[in-house]
Protein chains: 2
Amino acid sequence: MPSAKKTSVIKRNAADTALTGFAPMTSRSFERSLPMLLMRARDAVMQRFRPHLREHDVTEQQWRILRVLAEQHGIDMQSLAERSYIQAASLSRTIPLLEGRGLVERSPDPADQRRSRVSLSKAGRTLFDAMVQESAEIYAQLETEIGGPQLREIYRMLDGLIALDPGATAASDD
Amino acid sequence: MPSAKKTSVIKRNAADTALTGFAPMTSRSFERSLPMLLMRARDAVMQRFRPHLREHDVTEQQWRILRVLAEQHGIDMQSLAERSYIQAASLSRTIPLLEGRGLVERSPDPADQRRSRVSLSKAGRTLFDAMVQESAEIYAQLETEIGGPQLREIYRMLDGLIALDPGATAASDD
DNA sequence: TATTGTTATACTCTATAACTATA
DNA sequence: TATAGTTATAGAGTATAACAATA
């Protein structure tokens with residue numbers, strides 16, 4: 001039941017009381033573990049998108065890659081890794097899969113033979129266009145349910161949390 | 001730089017404009033993908049906790065298990081899986097590891113031989129008490145940086161997102 | 001020597017199904 | 001027949017380090 005009050009996710013007991021004597025009045029909210037709630041919130045949102053991703057046989061990670069490629073043609077592997085928040089080693093295994101499906105193309109950078117220039121193929125662009133359209137519709141539905149101002153507030157607060165980690169913030173400052 | 005404005009995480013270009021024609025005025029925030037921001041926010045928060053977890057040689061998943069066991073003695077595997085948001089199959093592999101370290105004990109449920117009753121051992125309780133104390137301190141530091149009211153607002157909004165997924169909400173209603 | 005990208009290794013976690021032993 | 005838990009399998013992802021080619 002979506003509307004049920006989740007008051008007892010974590011139950012009070014002796015041990016609990018002992019450990020939260022540290023911050024007695026607000027212990028309840030902290031016991032509900034911020035990372036856990038973030039994980040569950042992400043999962044709840046992804047529920048909306050998973051059927052859509054599966055339908056196109058694209059993993060979450062691959063979708064992140066396609067999105068970066070859609071906005072930056074001929075990006076090198078390292079930059080792609082940073083912008084899609086995927087480890088370079090992981091990317092090296094994933095890109096050939098997308099190449100194999102004809103969604104992605106690579107060519108050596110003429111200015112530096114070490115570098116690859118990764119791009120969306122025509123088929124990749126077509127897939128992306130179709131997917132991003134559906135994705136926008138799911139987002140629009142989300143916004144309807146949550147409310148625009150509320151959703152913008154969520155973005156603002158998530159930015160605040162992300163800014164807690166200087167490393168992560170730096171990665172997004174491009 | 002934590003204070004830097006992240007205005008250019010996703011760059012505008014022709015392709016971008018094309019795909020976001022769908023919702024022109026608010027496209028920027030939606031392009032910044034809610035699941036992605038939730039993932040990064042969780043990662044940023046976890047950064048604070050990872051050294052603490054590693055120090056005690058406990059994975060994030062194992063920490064979730066310990067927390068559930070700390071508040072519910074003699075829980076069966078299925079309930080433990082639900083409450084810790086871990087797949088039952090994954091739990092079946094993880095619990096023996098914790099047993100091996102002497103942190104967790106299991107005994108068959110006398111009323112139903114199929115069921116296990118999983119509990120924290122004395123050593124497990126000692127570890128939990130030490131870790132939860134440190135964890136509370138990290139949270140307190142987070143609260144100082146973010147601000148109590150702001151943090152409570154974050155919790156409220158995450159609850160809202162989680163409520164979007166009836167399945168996930170049901171799991172937390174215990 | 002340093003950098004780009006790939007490969008290797010080991011580990012974590014997920015998802016699904018098959019299996020066992022009880023009920 | 002149904003349920004609790006385990007095991008098997010495959011896939012997806014992380015994290016590190018070693019490595020080859022190029023700069």
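In this structure, B:W63 and B:H52 have perpendicular ring planes: the angle between them is above 60°, well past the 30° mark.
The closest donor-acceptor contact from the side chain of A:R64 to the backbone of A:S84 lies under 3.5 Å. A distance-only check finds a donor-acceptor pair linking the side chain of B:S121 to the backbone of B:G102 [under 3.5 Å].
Taking atom CD of residue B:E99 and atom C1' of nucleotide D:dG5, one finds them 13 Å apart after rounding to whole Å. Atom CD1 of A:I95 and atom P of C:dT7 are 13 Å apart (whole Å). C:dT6 atom P lies 8 Å from atom CG of A:L91, rounded to whole Å. Across the protein-nucleic acid pair, B:E60 atom CD and D:dA15 atom P stand 9 Å apart, rounded to whole Å. Taking atom CZ of residue B:R42 and atom C1' of nucleotide D:dG13, one finds them 14 Å apart after rounding to whole Å. Rounded to whole angstrom, the span from the CD atom of B:Q47 across to the C1' atom of D:dA15 amounts to 13 Å. What separates CE of A:M77 from P of D:dT22 is a distance of 17 Å, to the nearest Å. Going from atom CG of A:L53 over to atom C1' of D:dG11 covers 16 Å, rounded to whole Å.
Electrostatic pairing of B:D43 and B:R40 does not count as a salt bridge here, judged by no charged N lying under 4.0 Å from a carboxylate O.
Interatomic distance, CZ of A:F128 versus CG of A:L103, reported as 12.5 Å (0.5 Å rounding).
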List the steps, then state whether salt bridge (Lys or Arg N to Asp or Glu O under 4.0 Å) holds for B:E60 with B:R50. CA-CA 8 Å; B:E60 296 177 25; B:R50 283 204 187 97; 3.4 Å; yes

Determine, stepwise, if the pair B:D76 / B:S79 fulfils side-chain hydrogen bond (donor to acceptor under 3.5 Å, both in side chains). CA-CA 6 Å; B:D76 64 283; B:S79 306; 2.7 Å; yes

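The overall bend of the helix from C:dT1-D:dA23 to C:dA23-D:dT1, read as the angle between its terminal helix axes built from five base pairs each, is 20° when rounded to 10 degrees.
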Enumerate donor-acceptor pairs with a distance under 3.5 Å from any side-chain N or O in residues 88-97 of chain A to protein atoms, sequence neighbours excluded.
unit_1: A:S90; atom_1: OG; unit_2: A:Q61; atom_2: NE2; d: 3.2
unit_1: A:T94; atom_1: OG1; unit_2: A:S90; atom_2: O; d: 3.0

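Looking at which nucleotide of DNA chain C each of B:T59 and A:A88 is closest to, the 5′-most match is held by A:A88.
For B:H73, the ring pair (Phe, Tyr, Trp, His ring centres under 6.0 Å) criterion is met by no residue, not counting sequence neighbours.
Between B:F49 and B:L142, the closest heavy-atom pair is CE1-CD1, 4.4 Å.
Contacts classified as ring-ring contact (aromatic ring centres under 6.0 Å, His included) and involving residues 91-113 of chain A (residues at least two apart or in different chains) are not found.
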Do any N or O atoms of the protein come closer than 3.5 Å to N or O atoms of nucleotides 14-19 of chain C, and which pairs are they?
unit_1: C:dT14; atom_1: OP2; unit_2: B:Q61; atom_2: NE2; d: 2.9
unit_1: C:dA15; atom_1: OP2; unit_2: B:Q87; atom_2: NE2; d: 2.6

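Of the residues in residues 101-116 of chain B, those placing a heavy atom less than 4.0 Å from an atom of DNA chain D are B:R106, B:R114, B:R115, B:S116, in numerical order.
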